[in-house]
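To keep things clear, I will list the structure first and then write my remarks on it.
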Amino acid sequence: MNGLNLLWGVLILAGLGLFFGAILTLAAIFFKVEEDPRIAEVEKLLPNANCGGCGYAGCHALAEALVKGEVTKVSTCKVGKADKNFQPILAYLASHPGKDGKTPPSTL
Ligand code: SF4
């Protein structure tokens with residue numbers, strides 16, 4: 001009798017695991033957010049110190065703001081160097097328009 005109860009317990013827990021796993025999988029598929037690939041590229045060009053000196057939570061957040069045009073001065077990053085970081089970011093953004101065909105208004 002105890003072996004049968006144990007088997008039912010294992011089956012019920014496995015069933016619950018499969019059920020909630022399926023729900024999480026479907027949620028991940030349907031609620032997936034596509035990120036502009038330029039954000040990752042601009043983030044790579046930033047110093048990636050993630051110091052917050054720019055007033056953003058980290059380099060990813062500033063990269064996102066630059067790509068969206070919410071920040072126009074790439075020198076908002078307090079750690080970056082003009083020749084190593086800022087000029088490559090300006091060149092990248094100028095040559096990679098978004099889906100709308102526009103490039104963000106970036107300056108040094
Ligand atoms: S100041 Fe520069 S290095 Fe620091 S978090 Fe901002 S973008 Fe990253």
Side-chain angles (χ1 to χ4, degrees):
M1 189 69 175
N2 280 345
L4 193 59
N5 287 342
L6 179 65
L7 179 64
W8 274 113
V10 168
L11 288 175
I12 288 171
L13 285 177
L16 286 172
L18 286 173
F19 175 72
F20 287 114
I23 287 177
L24 288 174
T25 301
L26 290 174
I29 291 170
F30 287 113
F31 297 113
K32 182 178 179 183
V33 176
E34 295 286 339
E35 188 175 74
D36 189 329
R38 295 177 300 165
I39 294 172
E41 295 302 318
V42 171
E43 184 180 1
K44 285 181 200 169
L45 295 170
L46 286 167
N48 284 297
N50 286 312
C51 62
C54 54
Y56 285 80
C59 299
H60 184 86
L62 180 61
E64 187 174 1
L66 285 166
V67 169
K68 288 182 176 177
E70 296 167 0
V71 172
T72 55
K73 290 182 68 171
V74 291
S75 59
T76 300
C77 171
K78 303 303 178 206
V79 179
K81 304 274 186 263
D83 55 339
K84 185 180 176 201
N85 307 105
F86 302 154
Q87 293 297 348
I89 290 172
L90 290 173
Y92 177 82
L93 288 176
S95 61
H96 291 80
K99 286 181 179 175
D100 58 358
K102 296 178 182 173
T103 56
S106 305
T107 62
L108 192 59

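Counting convention: from 1, in listed order, for ligands and their atoms alike.
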So if you build clusters from Ile, Leu, Val, Met, Phe, Trp, Tyr with side-chain heavy-atom gaps below 4.5 Å, do F31 and L24 land together?
-> no
If we only count heavy atoms from C-beta on, is the T103 to L93 side-chain gap below 4.5 Å?
-> no
Is the shortest heavy-atom distance from the side chain of T25 to the side chain of I29 under 4.5 Å?
-> yes
State the atoms of ligand 1, each with its element, that fall below the 4.0 Å cut-off from a heavy-atom position in G52.
-> 4 (Fe), 5 (S)
With the threshold set at 4.0 Å, does a side-chain nitrogen-carboxylate oxygen contact exist between E41 and R38?
-> no
Please report the C-alpha distance between V74 and T107 in whole Å, then the side-chain angles of each, then the deciding distance to 0.1 Å, and finally whether the side-chain contact (heavy atoms from CB on, under 4.5 Å) criterion is met.
-> CA-CA 6 Å; V74 291; T107 62; over 6 Å; no
Any donor and acceptor pair, going by atom type alone, linking the side chain of N48 with main-chain N or O of L46 inside 3.5 Å?
-> yes
Closer than 2.8 Å to atom 2 (Fe) of ligand 1 - protein N, O or S atoms, ordered by chain and residue number = C77 SG
